[in-house]
Amino acid sequence: MKLKIIFLVSLLAFLGCSETTENTLELCNECVIIDNNLYNKTATTGYNISNAVLNGDLLTVNIVASGCDGNSWSATLVDANLILESNPTQRNIKINFVNKEACLAVWSKDFTFNISHLKESNTTILLNLYGWDSQIQY
């Protein structure tokens with residue numbers, strides 16, 4: 001009798017399990033993610049870009065937002081994974097900005113991204129940073 005109960009419980013436990021393979025991306029601070037779905041889901045509200053400077057392979061973006069001190073902010077650069085066929089080629093990028101601070105003061109902070117893997121060859125590309133009014137030549 002015990003053997004039947006153990007078998008029945010094991011069978012129900014086995015049938016109750018399901019394997020799901022959900023593709024989730026973990027955001028990281030000051031990294032670059034190439035993913036069209038994440039690009040389309042990335043909200044661009046709650047901050048402003050006050051400056052964007054390219055120095056070699058490093059793109060530094062200054063973000064202005066409300067907060068307590070900006071120390072807990074994080075930003076991920078998200079590429080749309082689409083190369084626009086033009087001359088020179090173009091890529092669309094957004095900042096996925098996370099701000100959990102609930103203060104009314106206004107702060108600014110620089111975020112630096114190594115964008116070297118956005119360039120597939122030695123040719124010039126133009127980066128279209130959402131929220132920045134001019135293209136960035138890379």
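These numbers come from the heavy atoms of this one structure, side chains and all, not from hydrogens, waters or symmetry mates.
- Under a 3.5 Å cut-off, the side chain of K109 and the backbone N or O of G70 do form a donor-acceptor pair.
- Ring-plane geometry between Y47 and F97 is classed as tilted, the angle between the planes lying from 30 to 60 degrees on a 0 to 90 degree scale.
- Looking only at atom types and distance, the side chain of D110 has no donor-acceptor partner in the side chain of T60 under 3.5 Å away.
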Evaluation steps, side-chain contact (heavy atoms from CB on, under 4.5 Å), between I115 and L127: CA-CA 10 Å; I115 60 170; L127 300 174; 3.6 Å; yes

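- Of all heavy-atom pairs between G46 and A65, the closest is O-CB, 3.4 Å.
- Atom OG of S72 sits about 3.5 Å away from atom CD of E101, to the nearest 0.5 Å.
- To the nearest 0.5 Å, atom CG of residue L84 and atom CD of residue Q90 are 5.5 Å apart.
- Linking Ile, Leu, Val, Met, Phe, Trp and Tyr residues whenever their side-chain heavy atoms come within less than 4.5 Å places I63 and I136 in a single cluster.
- No donor-acceptor distance shorter than 3.5 angstrom exists from the side chain of D35 to the backbone of V78, with no hydrogens or angles considered.
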Test side-chain contact (heavy atoms from CB on, under 4.5 Å) applied to N96 and L38, step by step: CA-CA 9 Å; N96 189 313; L38 181 60; 4.1 Å; yes

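- Taking OG1 of T44 as the reference point, atom CD1 of I95 lies at 10.5 Å (rounded to 0.5 Å).
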Worked check of side-chain contact (heavy atoms from CB on, under 4.5 Å) between S116 and Y138: CA-CA 10 Å; S116 59; Y138 176 43; 4.1 Å; yes

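- A 4.5 Å side-chain heavy-atom check between V64 and S50 finds at least one atom pair inside the cut-off.
- The backbone N or O of C68 sits less than 3.5 Å from a side-chain atom of W107, completing a donor-acceptor pair.
- With sequence neighbours left out, the ring-ring contact (aromatic ring centres under 6.0 Å, His included) criterion links W132 to no other residue.
- Under a hydrophobic-cluster definition in which Ile, Leu, Val, Met, Phe, Trp and Tyr are linked whenever side-chain heavy atoms come within less than 4.5 Å, directly or via other members, F111 and I34 are assigned to the same cluster.
- Rounding to the nearest 0.5 angstrom, the gap separating the CD1 atom in I93 from the CG atom in L129 is 4.5 Å.
- For the residue pair L77 and F113, the shortest heavy atom distance occurs at N-CE2, 3.5 Å.
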Intermediate values then yes/no, side-chain contact (heavy atoms from CB on, under 4.5 Å), N62 and I49: CA-CA 6 Å; N62 183 269; I49 298 173; over 6 Å; no

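- Without hydrogens or angle criteria, Q137 side chain to T124 main chain gives no donor-acceptor distance under 3.5 Å.
- Rounding to the nearest 0.5 angstrom, the gap separating the CD1 atom in I83 from the CD1 atom in I125 is 7.5 Å.
- Listed here is the closest heavy atom pair of N36 and A80: ND2-O, 2.7 Å.
- Under a 3.5 Å cut-off, the side chain of R91 and the backbone N or O of L118 do form a donor-acceptor pair.
- The structure places OG1 of T42 at 11.0 Å from CG of D79, a figure rounded to the nearest 0.5 Å.
- By the neighbour-count criterion of 12 heavy atoms within 6.0 Å, atom CG of N55 is sparsely surrounded, having that number or fewer from other residues, nucleotides or ligands.
- Panel note: side chain E30, backbone A75; no donor-acceptor pair is recorded below 3.5 Å.
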